[in-house]
Amino acid sequence: MSRKKVLFLIGSPNQTTQMHQIAQLLEDEFEPYFSQLYYDGWMRGFYKFLLRTGGLNPTIVTGKIKAKADKYLAEHGLNNDFEGRQFGNTYDLIVCCSDVIVPWPLVRATKTVFVQEGMTDPLNLWGRLIRKLNWMPILAIGTALNGLANCCDIYCVASEGYRKHFNYVGVDRNKLIVTGIPNFDNIEQVRHNDFPHHGYVLVATSDLRETYTPENRPKFIRECARIAAGRPLIFKLHPNETLPRAVDEIRQHAPPGTLIYTEGNTDHMIANCVELITQYSTVVYVGLALGKPVHSYFDVDDLKRKLPWQNGGTSSRRIAAICRAFSRFEGSGPAFLRQYQPEDFAASERADETLAVH
C-alpha cells in the first residue's frame, strides 16, 4: 500500500531540524516532502512584490537562511518540494512551523498541524496594530503574530505558559495541546560537550536591526561588559546578523580579549558559561533550564512560566503521534483533541530501560 504524503514547511535551521526529527518518525506511514515557508492565495502577488523589492530580506524565507535550509535538505537527501510545485503532489497532511506565512489554498484543503519553533518575538506597537486590524501577520516581520491566523487544525506548543500565550494572540484554545518542542525538551544533555572554554559570561545576540527593530548595539555591548565585571566575555552572534558590522562593534566597545563566535553550538556555550545575557532569543530557555543566571529583554519571570516542557527529548515522538492519529481521524482538530489520549512516552522509555537492566 502506498504511503500518505506529508509536506513539512521549514525555515530557520532550528525549524528545519525540528521538522526533520518529526518526519523521520512518520516514514513508515508517510512519504515526507519539505518546502521553505511560502505564501499562496489571493495575496500571493503582494508577497512576491515584497520578495522582489527586498522587503522580506531580513526574514527566513529568502537569502542565506533559505540557502541553509536548501543545503540541509540536499545533504540529507530529503525531497525539496519548494512551494509545492516541484512534484505535483496532493498532500494528506501539512506540518507547519509558522502560520505567519502559509499557502492558504493548500492549508484550507488539507489537515494541518502547527509546531511551535521556539520563543516568539515581542508584540510591539506595530504588531499590536496589525493584530487589532487583523492585517497580514507577515507585515510584522517576525514571529510575534504566530497564531493570529488561527488557520491550522492543531497547535502543538512548548508549555502551559505558551498555551495561554497563543490563545491570547488568536488561536482557538480548543486547538492547543502542550507537547513540548524538539531541540528544547532535553536541555540537561548539553552539559556533556567539548566546547573548550569555561567560566565566562556568554552574550547571545539577536538580529534586531536586520528585522527593522531599533537597537543601540554599542550601548548593549558596554552593558554586557558591566555585567561581566571583569570576567571573560564571549559573544555568540545570531546567524542572521550582518557580521562585519557586528564583529567590528564588539571589537570597538567590548573589553580586550573578548571572544567572538559566528558559528558553533550555542547550547554548549551556554552549558559552560557562568552567566547568560540575551536579547530576544530562544536560547534563554537553555540557560533557565540549566539554572544559569540570565538576562533578557523579556520579563524573566514570564520566561520561567513559558519554559518549554523538559520531557526527556520525547516531543518529536509526541508530535508525530498526533500527526499519525489526526491523519486517520474524521473530524476537526478540536474534536480530535477532545478524544485524544496521549501516550506517556517517558513511562514507556523507563519501562524499556528496566527491561534492559533485567
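Just so it is clear, the structure is predicted and the values come from calculations on it, not from any experiment. Both backbone and side-chain heavy atoms feed into the values below; hydrogens, waters and symmetry mates do not.
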Side chains of [X] and [Y]: is there a donor and an acceptor less than 3.5 Å apart?
X: Ser327; Y: Asp92; result: no
X: Tyr200; Y: Asn272; result: no
X: Tyr33; Y: Asn80; result: no
X: Ser35; Y: Glu83; result: no
X: His238; Y: Tyr280; result: no
X: Thr120; Y: Asn146; result: no

>> Tell me whether Lys175 forms a cation-pi arrangement with Phe336, defined as NZ or CZ under 6.0 Å from the six-membered ring centre and within 45 degrees of its axis.
In response: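 No cation-pi geometry.
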>> Does the structure place the NZ or CZ of Lys5 under 6.0 Å from the centre of the six-membered ring of Phe30, at an angle of no more than 45° from the ring's axis?
In response: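 No; the conditions do not both hold, so Lys5 does not lie above the ring face of Phe30.
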Are the side chain of [X] and the backbone of [Y] linked by a donor-acceptor contact shorter than 3.5 Å?
X: Glu241; Y: Ala246; answer: no
X: Thr213; Y: Arg209; answer: no
X: Gln15; Y: Ser12; answer: yes
X: Thr314; Y: Arg317; answer: no
X: Asn174; Y: Pro334; answer: no
X: Asn167; Y: Asp172; answer: no
X: Arg191; Y: Ile187; answer: no
X: Thr258; Y: Pro255; answer: yes
X: Ser206; Y: Leu208; answer: no
X: Ser316; Y: Pro182; answer: no

[Y] side chain reached by [X] side chain, heavy atoms, under 4.5 Å:
X: Val113; Y: Ile94; answer: no
X: Val6; Y: Cys323; answer: no
X: Arg163; Y: Arg173; answer: no
X: Leu7; Y: Pro103; answer: no
X: Thr179; Y: Trp309; answer: no
X: Asn216; Y: Pro218; answer: yes
X: His197; Y: Ile234; answer: yes
X: Phe326; Y: Ile154; answer: yes

>> Counting only heavy atoms from other residues, nucleotides and ligands, does the tally under 6.0 Å from CZ of Phe87 exceed 12?
In response: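 Yes, because the 6.0 Å sphere around CZ of Phe87 holds more than 12 heavy atoms from other groups.
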> If you count the non-hydrogen atoms of other residues, nucleotides and ligands that lie under 6.0 Å from CD in Glu75, is the total more than 12?
Replying inline: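 Yes, CD of Glu75 has more than 12 neighbouring heavy atoms, counting only those of other groups under 6.0 Å.
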Cluster overlap [X] with [Y], hydrophobic side-chain contacts below 4.5 Å:
X: Trp104; Y: Leu106; answer: yes
X: Leu307; Y: Ile270; answer: yes
X: Val201; Y: Leu259; answer: yes
X: Tyr340; Y: Val115; answer: yes

> What's the verdict on salt bridge (charged side-chain N to carboxylate O under 4.0 Å, His left out) for Arg318 and Glu343, showing C-alpha distance, side-chain angles and the deciding distance?
Replying inline: CA-CA 8 Å; Arg318 295 172 190 276; Glu343 181 180 344; over 6 Å; no
Any ion pair linking [Y] and [X] (charged N to carboxylate O, less than 4.0 Å)?
X: Glu249; Y: Arg222; result: no
X: Lys306; Y: Glu160; result: no
X: Lys66; Y: Asp70; result: yes
X: Asp248; Y: Arg245; result: no
X: Asp40; Y: Arg108; result: no

Starting at [atom1] of [X], measure out to [atom2] of [Y] and round the result to the nearest 0.5 Å.
X: Gln116; Y: Thr282; atom1: CD; atom2: OG1; result: 8.0 Å
X: Ile10; Y: His20; atom1: CD1; atom2: NE2; result: 10.5 Å
X: Lys304; Y: Asp299; atom1: NZ; atom2: CG; result: 9.5 Å
X: Asp153; Y: Thr112; atom1: CG; atom2: OG1; result: 3.5 Å
X: Arg3; Y: Asp28; atom1: CZ; atom2: CG; result: 8.5 Å
X: Met19; Y: Leu78; atom1: CE; atom2: CG; result: 13.0 Å

Distance-minimising heavy-atom pair for [X] and [Y]:
X: Gly199; Y: Pro232; answer: O-CD, 3.8 Å
X: Gln310; Y: Asn186; answer: OE1-N, 3.5 Å
X: Phe8; Y: Ile22; answer: CE2-CG2, 4.0 Å
X: Ala320; Y: Leu25; answer: CB-CB, 3.8 Å
X: Asp99; Y: Gly147; answer: OD1-N, 2.7 Å
X: Ile250; Y: Leu237; answer: CD1-CD2, 3.7 Å

> Would Tyr261 and Phe195 count as a ring-ring contact (aromatic ring centres under 6.0 Å, His included) if you check the C-alpha gap in whole Å, the side-chain angles of each, and the deciding distance to 0.1 Å?
Replying inline: CA-CA 12 Å; Tyr261 283 84; Phe195 188 65; 5.4 Å; yes
>> Once side-chain hydrogen bond (donor to acceptor under 3.5 Å, both in side chains) is applied, do any residues pair with Gln21, and if so which ones, sequence neighbours excluded?
In response: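 Per chain and number, Gln21 pairs via side-chain hydrogen bond (donor to acceptor under 3.5 Å, both in side chains) with Asn183.
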>> Against Leu176, only a single residue in Phe166, Tyr162, Phe114 fulfils side-chain contact (heavy atoms from CB on, under 4.5 Å); can you say which?
In response: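 Single pass found, and it is Phe166.
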> side chain to side chain donor-acceptor pair (under 3.5 Å) between His295 and Glu223: does it pass, once the steps are laid out?
Replying inline: CA-CA 11 Å; His295 305 262; Glu223 176 63 10; over 6 Å; no
>> Applying side chain to side chain donor-acceptor pair (under 3.5 Å) to Glu215 and Gln279, what does each step give before you reach the verdict?
In response: CA-CA 10 Å; Glu215 179 195 2; Gln279 296 175 293; 2.7 Å; yes
> Can you list every pair that meets salt bridge (Lys or Arg N to Asp or Glu O under 4.0 Å) and has a residue in residues 328-337, with sequence neighbours left out?
Replying inline: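 Non-adjacent pairs meeting salt bridge (Lys or Arg N to Asp or Glu O under 4.0 Å): Glu29-Arg328.
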>> Could you go through Met119 and Leu303, starting from their C-alpha distance and side-chain angles, then the distance that decides it, and tell me whether this counts as side-chain contact (heavy atoms from CB on, under 4.5 Å)?
In response: CA-CA 9 Å; Met119 177 183 286; Leu303 293 177; 3.5 Å; yes
